[in-house]
Amino acid sequence: MTEREKKQFYEIAAKRFKAEVRLYGATAAVHIENKNDVPFWEKVLLHAYPKGKFRFITSSRSATGNVTCGCTQCMQYHPFLDNRFWIAIDSDYRYLGEEPGIDTDHFVLQTYTYSFENHICYGPNMNRAYHLALGFEPDAILPEEIAFDFDAFLKEYSFIVYPLMVWQLYLSNIDKDEFPQAVFHRLLHLSIPKEFWKDNGAPVLDILRTRSRKLQLHLKNKYPDADYTWYEARCNELGLTRDNCYLFVRGHNLYDSLIPLASNLVSHHKSMNKMLKGNKFENILTSHICFDQYHEINAIINDINTILKK
């Protein structure tokens with residue numbers, strides 16, 4: 001199949017999606033990366049436009065006839081988007097890399113964080129879920145013996161990971177093989193030692209801190225003349241800081257580390273105190289988004305409103 005034929009294939013598919021919008025009286029059709037993204041984008045879109053009716057496309061056929069999902073498949077429709085047909089994707093590093101065409105002018109929504117999982121793991125949302133999982137109100141002051149501040153924990157996590165993230169983003173333009181994304185992603189994994197809950201998770205963070213310092217020392221020794229301050233300043237302007245770096249690391253790694261940690265913490269306290277009652281931590285966490293509380297979620301809502309006005 002030639003590139004022209006491929007383009008025609010996706011143009012015809014896009015026209016079909018737009019026709020379905022009119023047929024079903026929907027606000028817009030939104031092609032997302034896969035079915036796991038539906039709960040997040042549904043909450044966000046309906047928060048911005050409660051009267052909206054959005055038809056989610058979780059996969060579609062590729063030009064070779066295979067049912068395909070993912071960001072690459074979403075982007076195949078990029079030239080054919082309009083106010084009836086949008087795509088909504090995880091930013092990955094596209095936002096920090098300022099990739100062109102990922103904006104409301106092209107009817108593209110993005111998470112601004114690495115992925116939707118980072119929004120789920122937003123510190124105050126983690127605290128809310130922790131409280132409810134133990135049977136307390138979200139804003140209750142917990143007894144000292146079970147208190148844990150996930151917001152503070154994630155800020156410290158960010159402070160530890162931040163230098164490595166800047167190094168990784170900087171070296172991706174200098175020497176991709178020295179510090180590839182896959183290596184950085186593995187470093188994000190959180191080990192859970194015995195009594196990991198002490199001092200608000202200090203034993204967990206100490207392991208991460210030691211790992212981070214070793215790699216930073218290696219990189220500084222290998223690149224003694226490296227000056228990434230200009231790149232760091234650009235990232236800061238885009239919203240990546242020492243306090244919120246966890247919103248920009250790979251969401252799967254963050255989520256897969258925090259869920260066992262939080263779930264084990266809840267289970268430990270419930271085993272020690274049979275009076276504690278609550279639901280499963282993960283179910284509570286994924287059911288809620290902290291709207292209007294931080295820049296990245298507000299940016300998505302602003303983008304939705306901008307497209308709706310077109």
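Take Lys43 and apply the side chain to side chain donor-acceptor pair (under 3.5 Å) test, not counting sequence neighbours, and it matches no residue. Applying the ring-ring contact (aromatic ring centres under 6.0 Å, His included) criterion to His288, with sequence neighbours excluded, gives no partner residue. The side chain to side chain donor-acceptor pair (under 3.5 Å) check on Lys15 picks up nothing, with sequence neighbours excluded. Qualifying side chain to side chain contact (heavy atoms under 4.5 Å, CB included) partners for Asn305, counting only residues two or more places apart in sequence or in other chains: Ala48, Ile301, Leu308.
Phe17 places a side-chain heavy atom less than 4.5 Å from the side chain of Tyr77. In this structure the side chain of Asp90 never reaches within 4.5 angstrom of the side chain of Tyr114, judged on heavy atoms. No side-chain heavy atom of Leu109 sits less than 4.5 Å from a side-chain heavy atom of Ile89. A 4.5 Å side-chain heavy-atom check between Ser59 and Asn34 finds every atom pair outside the cut-off. Two residues are said to be in side-chain contact when any heavy atoms from C-beta on lie closer than 4.5 Å; Leu188 and Ser257 fail this criterion. No side-chain heavy atom of Phe184 sits under 4.5 Å from any side-chain heavy atom of Leu215. Side-chain atoms of Ile87 and Val30, non-hydrogen and from C-beta on, never get closer than 4.5 Å to each other. With a 4.5 Å cut-off on side-chain heavy atoms, Lys222 and Phe179 do not count as touching.
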Please list every donor-acceptor pair under 3.5 Å in which a side-chain atom of residues 241-253 meets a protein atom from a residue at least two apart or in another chain.
unit_1: Thr241; atom_1: OG1; unit_2: Asp243; atom_2: N; d: 3.3
unit_1: Thr241; atom_1: OG1; unit_2: Asn244; atom_2: N; d: 3.4
unit_1: Thr241; atom_1: OG1; unit_2: Asn244; atom_2: OD1; d: 3.0
unit_1: Asn244; atom_1: OD1; unit_2: Thr241; atom_2: N; d: 2.8
unit_1: Asn244; atom_1: ND2; unit_2: Gly239; atom_2: O; d: 2.8
unit_1: Tyr246; atom_1: OH; unit_2: Gly123; atom_2: N; d: 2.9
unit_1: Arg250; atom_1: NH1; unit_2: Asn253; atom_2: OD1; d: 3.0
unit_1: His252; atom_1: ND1; unit_2: Glu117; atom_2: OE2; d: 3.2
unit_1: Asn253; atom_1: ND2; unit_2: His185; atom_2: O; d: 3.0

Using distance only, find each side-chain donor-acceptor pair of residues 2-14 under 3.5 Å and give its atom names and separation, not counting sequence neighbours.
unit_1: Thr2; atom_1: OG1; unit_2: Glu5; atom_2: N; d: 3.1
unit_1: Thr2; atom_1: OG1; unit_2: Glu5; atom_2: OE1; d: 3.4
unit_1: Glu5; atom_1: OE1; unit_2: Thr2; atom_2: N; d: 2.9
unit_1: Tyr10; atom_1: OH; unit_2: Ala63; atom_2: N; d: 3.2
unit_1: Tyr10; atom_1: OH; unit_2: Gln73; atom_2: OE1; d: 3.3

Under 3.5 Å, side-chain donor or acceptor atoms of residues 289-300 against the rest of the protein: list the pairs with distances, not counting sequence neighbours.
unit_1: Tyr294; atom_1: OH; unit_2: His119; atom_2: ND1; d: 2.7
unit_1: Asn298; atom_1: ND2; unit_2: Tyr294; atom_2: O; d: 3.3

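Between atom OH of residue Tyr95 and atom CG of residue Leu238 there is a gap of 4.5 Å, rounded to the nearest 0.5 Å. Atoms NZ and CD1, on Lys270 and Ile146 in that order, are 11.0 Å from each other to the nearest 0.5 Å. Residue Tyr112 holds its OH atom at 13.5 Å from CZ of Arg94, rounded to the nearest 0.5 Å. In this structure, CG in Leu154 is found 6.0 Å from CE in Met126, a value given to the nearest 0.5 Å.
If you check the side chains of Asp175 and Tyr223, you find a donor sitting under 3.5 Å from an acceptor. Of the N and O atoms on the side chains of Asn66 and Thr68, not one donor lies less than 3.5 Å from an acceptor on the other residue. Defined by atom type and a distance below 3.5 Å, a donor-acceptor pair is present between the side-chain atoms of Ser212 and Gln216. Side chain to side chain, Asn118 and Ser115 meet the donor-acceptor criterion of an N or O pair below 3.5 Å.
The backbone N or O of Asp139 sits nowhere less than 3.5 Å from a side-chain atom of His131 that would complete a donor-acceptor pair. For Glu178 (side chain) and Leu171 (main-chain N/O), no donor-acceptor pair under 3.5 Å exists by modelled atom type. No side-chain donor-acceptor contact under 3.5 Å links Arg22 to the backbone of Arg84. Distance alone, capped at 3.5 Å, places no donor-acceptor pair between the Asn283 side chain and the Leu285 backbone.
Ring centers of Phe85 and Phe80: at least 6.0 Å apart, outside the cut-off. Ring centroid separation for the pair Tyr228 and Trp167 comes in under the 6.0 Å cut-off. Two rings, from His31 and Trp86, have their centers 6.0 Å or more apart.
Residues in residues 145-166 take part in these side-chain hydrogen bond (donor to acceptor under 3.5 Å, both in side chains) pairs, two or more places apart or across chains: Asn127-Asp149, Glu156-Arg209, Tyr162-Glu232, Tyr162-Asn236. Among residues at least two apart or in separate chains, salt bridge (charged side-chain N to carboxylate O under 4.0 Å, His left out) pairs with a member in residues 297-310 are Asp105-Lys310.
Apart from Ile284 itself, the hydrophobic cluster it occupies contains Leu132, where clustering links Ile, Leu, Val, Met, Phe, Trp and Tyr at side-chain heavy-atom distances under 4.5 Å. Alongside Ile141, the hydrophobic cluster contains no other residue (criterion: ILVMFWY side chains under 4.5 Å). Other cluster members for Tyr24: Leu23, joined by side-chain heavy-atom distances under 4.5 Å among Ile, Leu, Val, Met, Phe, Trp and Tyr.
No path of Ile, Leu, Val, Met, Phe, Trp and Tyr side chains, each step under 4.5 Å between heavy atoms, connects Phe159 with Leu258, placing them in separate hydrophobic clusters.
A salt bridge between Lys198 and Glu195 is present, with a side-chain N of the basic residue lying under 4.0 Å from a carboxylate O of the acidic one.
Here the shortest heavy-atom pairing between Cys69 and Thr58 reads CB-O, 3.5 Å. Ile57 approaches Ala29 most closely through the heavy-atom pair CD1-CB, 4.1 Å.
Annotation: Arg213, atom CZ; neighbour count of heavy atoms from other residues, nucleotides and ligands within 6.0 Å does not exceed 12.
Taking the six-membered ring where tryptophan is involved, the planes of Phe150 and Phe148 are tilted, since the angle between them lies from 30° to 60°.
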